[in-house]
Amino acid sequence: MKTFKGGIHPPEEKQLVKDNPIVDFPLSSRYHVLVQQHLGAPAKPVVKAGDEVKKGQVLSEPLGFVSVPVHAPTSGRVREIGRIVHPVTGLLAPCIVIDADGRDEWAHGLPLERDPFAMSREELMDAIKAAGVVGMGGATFPTHVKLSPPKDKTIDTFIVNGAECEPYLSSDHRLMLEQPERVLKGTGVIMKVLGLNRATIAIEANKPDALRLMREKAPAEIQVEALKVKYPQGAEKQLINALTGREVPSGGLPMDVGAVVQNAGTCAAVWDACARGIPLIERITSVTGRGIMQPKNIRVRVGTPLREVIDFCGGLNSVAKIIFGGPMMGIAQFTQDIAIMKGTSGVLVLREEDTNITAYSACISCGRCVEACPMGLIPSVLSKLGEKGMHQKAVENNLLDCVECGSCTYVCPANRPIVHFVKHLKALSRAAGAKK
Amino acid sequence: MKNISASNPAEDPVKEQAAKLSVYVSSSPHVHSTEDVPWIMRQVIYALIPGALVGVYFFGIPALRVIAVAIVSCVVMEALWQKLTASPVTIKDGSAVLTGLLLAMNLPSGAPWWLVVIGSLVAIIIAKQLFGGIGNNPFNPALVGRVFLLISFPVAMTTWPEPRSFFSQAADAATGATPLGALKTAIFEHGTIAAAPGLNLMDPFLGNVGGSLGEISALALILGGIYLIARRIITWHIPVVYIATVAVLTGILWLVNPEGYASPAFHLVAGGLMLGAFFMATDMVTSPITNTGKVVFAIGCGVITVVIRLWGGYPEGVSFAILIMNAFVPLINRATKPAKFGAVR
Amino acid sequence: MYYILLIVGAALVNNFVLARFLGICPFMGVSKSIDTAVGMSMAVIFVMTLASFVTWLINFYLLVPFDLQYLQTIAFILVIAALVQLVEMIIQRVSPPLYQALGIYLPLITTNCAVLGVAILNIQLGYNLLDACIFAAGAALGFGLALVIFAGMREDFELNTIPEAFRGTPIALVTAGILSLAFMGFSGLVK
Amino acid sequence: MISSILLLGGIGFLAALVLGISAVTFAVKMDPREQEVLDQLPGANCGACGYAGCAAFAHEITVNPEAEMACPAVNEKALEAISAVLGRSLGGSAPLIACIRCKGAPAETTNRYGYIGPKDCRAAQIVAGGPKGCQYGCLGLGTCEEVCPFEAIIMGEDGLPRVIESLCTGCGKCVSACPRGIIQLIPRTGNYWVGCVSKDTAKEMKPLCKVGCIKCGICGDVCPFDAITVSKTASAEIDQDKCQRCGLCVSACPTGVISALSVPRKVHIIAEKCKGCSICEQVCPAEAISGKVKEPYLVNEGKCIGCGLCIEKCPSDAIERIIS
């Protein structure tokens, strides 16, 4: 089975939620839509307190190419534009608060009925950008940017990422099982945008039902590949390496080896955007972990308060960590006063015994991190440099190649927070670069 | 702009209060393997037990005493130092116990208690804590302790009690030579190995020979080593390459001149090679990080061991070889960095 | 074979730094990074070999014929000093960063006991000219080897949490001591 | 005897000849002033000047006649010496000192969560913005202490950093290291600063911190020199150029957030300039100046409170401020 070099085998823990069908999260009374839900240039709110909005109406307009708008998740009135804690930075960030009127009416003309395959490439790109589609795996990079490679790069490979290698999470898995058509048709649209006549859907072998179903439904030009179960199989560079044998050059992007990777959820969102004009206002999220009473896969609107989501899933059991995303790369939250975002692929609640809160000790140079690192780095040295804040030396030791997958930290017997050190060093290096 | 809470007003203020749970926040990842440093140390200690038991079987109570004194003094020394320097006490991680056990296994069973304590002092304080404690020591602490003792107290360190069965304890403490010592004496005095008494292979393989209390039985040490490899505590690279290097070098010389050099099989089972190859050279802190580095390191150890054994003043070169190669580890690590993903080729 | 033994003997068994304890000053001073250690080693190899060559000539063609052996020390120092001065000028021109890094230790090779030591040992051990040069090269190689491995270890110390009281020279001295212990394993290898 | 002299002389001559020739062939132009400048610099290689260490800066300022004195840590004596070496006057900036603009010790503030990770404020900041309740306040993990090349910052028992004024050179390393931007450089002759940079309103701050600036504006009202800017969305700010060090704001602040340097500032009378007019003696509120008319007056440093009234009144410009 296809795979890459390095990696780890953490307990999958997917049994908690993988067999639970997607349920619709009921309409909430108030939504908190963060203005910045993507990676890249900021966006600017275009509504003000008191405005009436309809479901799917644009709330903010992007400032720049690498930027996307956000949309109203339901119909109602804009209560205010204030600041709430941003799940990614932990700092207060602008957000549009909407009081729902309960009618949940679509904005004028939505949803559309059109055939994306009859549309031109430019029209499709505009539709994707206007719908605010971002990478739904968690990175939230604007999709239309990824689909517009510069002229000098030829793209010959399109990979749909259904690996879902993060333990616990099953949102992509459920999506592929329950709505395979959305994923496959979205894949078709992206193939048209990229001008390709074939694509590969990559799924880890621990989802045999999804593999079977996709193989059954997929048209001939879409190939379904089973991948070895190993973390981080779903990381872009590792995925490309496993399927094509190509290595994205250090400091480069997938397009440098002619590849584009999109998450399965993103493909579904692209289909909605192109065929029906529906913006990205809801997503499928796994609410799971042993700290939550009833793990569920939910279809939830962007902007839904986390507290309501937790209540909907039976409340908390015992909690040490609340995480947006998976356990390997997700972001720990310190409050329930936050809202679901476009990139929230999972809400994971871990008990103290499921996570790791012990202090770290000195590196014993065991080399396990070197074995585990999918990028061929020496994480132990980076962690030591991080302890001393020596960012220049760290850059010499390939700091910037680190993808922060967390494999090294997972295996480290001394419990060292290597990824944290790497993030720290990268921040120091950026700050030093900015100073010059 | 006003700071607002993303939660909608709750009907029940008590519930609101209860939801304000204290949570932990750290960088990703949030899950962790259960194999931590104390676990690793425990595994190595388990793996050493067969070798230690054989030592106790053949050398009796004195061997047990040396082991006990070494472990206790190492742990006490570490705790004392950390108390005095007001740094966190780390004796629970088991590394001091392991150092004590390894040191004991590198000492003759007749070593007086003060000798063992001095060895522990050198190993724990000088070779480990001065460098910053676990993880920071460039040299294997137990080996530094042993070599220090060997050079400072050569007589006490080379008085080898004869092996006897545990159940037939004779009152007198007869002493003899180690196989390698006998070999060296024979070559030195007669110029040929033929003069060396009883170069059989079975006794050193099982442990019925004189020597440091933990090095005598190749069999028991190999069993422990296999356990470590199976448990993925160590990789095969260092022990296999180390042993192979010694076998190849001694084998070539033996083929050229069987009169002047002992057989490779003898060199493998005699002396501290097995103990060194499986347990001392593989010490994580003082060996290279990458597998390529480990191979280079092991070849170096093998070459130096053979050079010292065959032509040097000391009959055994394993300790020296590993210590010297420990010093090369930083250079080896620099030279054998793994190829990074996506490196321009 | 004889020459190999000569080199091995000078480089490992009787390593100038670790067994004879000569040249400790640059050993401690310029072992903070591998790059400077390599540069220093090159300089020492050059100076030692050349100094051995010249001092041997001076000894046997000037001092001995004129029966002036009592001038040995001062004459040797004079020659070595001049050589070091020359090396200094060359390095300053060829590699300014190395010149900066070596700092005070470069002129200190002048009175480096290792260089004078090898010159005097050559005479004492009765080596001929070729022997003397090879012996000097071997000794310098040993010095360089010790210096480079030592520098490697000290570079790693930068990342370690050595107790404050022992940072810098103290821990370097401890390390040198242990290294010296380890190198005693080579004793009896040659002669 | 003769032969030994001749021999050594001969060797010496030969060596001199070789060296002389190579000195010409391998000549490297090196400005001897560079070393002299370097000797005067602090030698901490802190990099605050923007160059890779003191030696690099010494080289730059020696070879480049345009280069300004960029070292903030150099003292006045050294500055004069360097000016003398280079033969041009280097206008150093006024000596600076670091001040910590947060008084929110852990006892006075709340935390948002339990932080697990490296003990470094910059590292803590990148995980959910740091554990402190106030997102402007000191995280208290001691990064400023760690980076200070002069050991001039220590973490106090209360969990906040403290600047040891006698050791601080104003190099600014801590300023760039602090992820919260709460360390500021003020002139050493300045005296007061606001120990808070929070932009939160009093209401928002209330659950987070008991000692922050509540934006009440009283300090701005009492300041006779109009040196304090107050705003509803930022902590009060003291303009060090306008501040006359009267200290009224300190006593007026209801939360006690305005702090003062602890080093007492004194005045000193320059004997050569003093005409002995006695005006200073008359204006001094602390009776710290005494002397005979027509002779240079003297300051009793023990009594001087550093108010500076005498400086303003002196007709012959003979009084200067010093740091005791």
Side-chain angles (χ1 to χ4, degrees), chain A residues 82-93 319-324 330-338 350 352 355-361 382-392 404 409 415-432 434-436, chain D residues 45-53 56 70 110-137 139 141-149 171-181 198-201 203-205 207-208 233:
Chain A
R83 296 190 299 170
I84 66 165
V85 173
H86 195 289
V88 176
T89 62
L91 300 175
L92 296 170
V319 57
K321 268 187 183 171
I322 301 174
I323 296 154
F324 266 23
I331 297 163
Q333 305 299 330
F334 57 85
T335 169
Q336 294 182 42
D337 294 337
I338 48 176
L350 295 178
E352 205 159 313
T355 178
N356 171 43
I357 55 170
T358 41
Y360 65 93
S361 52
L382 291 177
S383 87
K384 286 183 182 178
L385 291 167
E387 236 169 345
K388 308 267 169 182
M390 295 160 78
H391 58 88
Q392 278 153 339
E404 300 168 19
T409 314
N415 255 324
R416 294 173 70 77
I418 305 174
V419 172
H420 196 165
F421 281 126
V422 165
K423 288 178 180 168
H424 173 46
L425 285 166
K426 282 181 177 173
L428 289 183
S429 175
R430 261 198 312 274
K435 229 171 110 184
K436 271 178 195 150
Chain D
N45 291 321
C46 68
C49 53
Y51 295 91
T110 54
N111 270 353
R112 304 193 291 177
Y113 56 83
Y115 166 71
I116 310 166
K119 193 175 166 288
D120 185 305
C121 304
R122 296 167 294 187
Q125 174 78 17
I126 53 176
V127 174
K132 193 128 182 165
C134 168
Q135 58 171 281
Y136 305 96
L139 290 168
L141 296 174
T143 295
C144 44
E145 179 188 31
E146 196 71 21
V147 300
C148 179
C171 73
K173 274 219 133 174
C174 49
V175 175
S176 43
C178 178
R180 292 282 168 103
S198 171
K199 292 185 165 64
D200 286 341
T201 61
K203 199 177 153 214
E204 286 164 345
M205 184 185 288
L208 308 175
T233 54

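Residue numbering restarts at 1 for every chain, and letters A, B, ... go by the order of the sequence lines. Every value quoted in this text rests on a predicted model; they were computed, and no experiment measured them.
The nearest pair of heavy atoms linking D:Q135 to A:L91 is OE1-CD2, 3.6 Å. Across all non-hydrogen atoms, the minimal contact from D:R112 to A:F334 is NH1-CZ, 3.0 Å. Between D:D200 and A:R83 the shortest heavy-atom distance is OD1-NH2, 4.3 Å. The nearest pair of heavy atoms linking D:Y115 to A:H420 is OH-CE1, 3.2 Å.
Between atom CG of residue A:L92 and atom NZ of residue D:K199 there is a gap of 13.0 Å, rounded to the nearest 0.5 Å. In this structure, NE2 in A:H424 is found 12.0 Å from CD in D:Q125, a value given to the nearest 0.5 Å.
Using modelled atom types, no side-chain atom of D:R122 and backbone atom of A:G389 make a donor-acceptor pair closer than 3.5 Å.
Within the 4.5 Å cutoff, no side-chain heavy atoms of A:E387 are placed close to those of D:D120.
Heavy-atom pairs under 4.5 Å with chain A were tallied for D:G129, D:A124, D:P118; the largest tally goes to D:P118.
With a 4.5 Å cut-off on non-hydrogen atoms, A:L425 does not touch chain D at all. Neither the backbone nor the side chain of D:A177 comes within contact range of chain A; no heavy atoms are under 4.5 Å apart. Neither the backbone nor the side chain of A:I331 comes within less than 4.5 Å of any heavy atom in chain D.
Remark: D:E145 CD is packed, more than 12 non-hydrogen atoms of other residues, nucleotides or ligands lying under 6.0 Å away.
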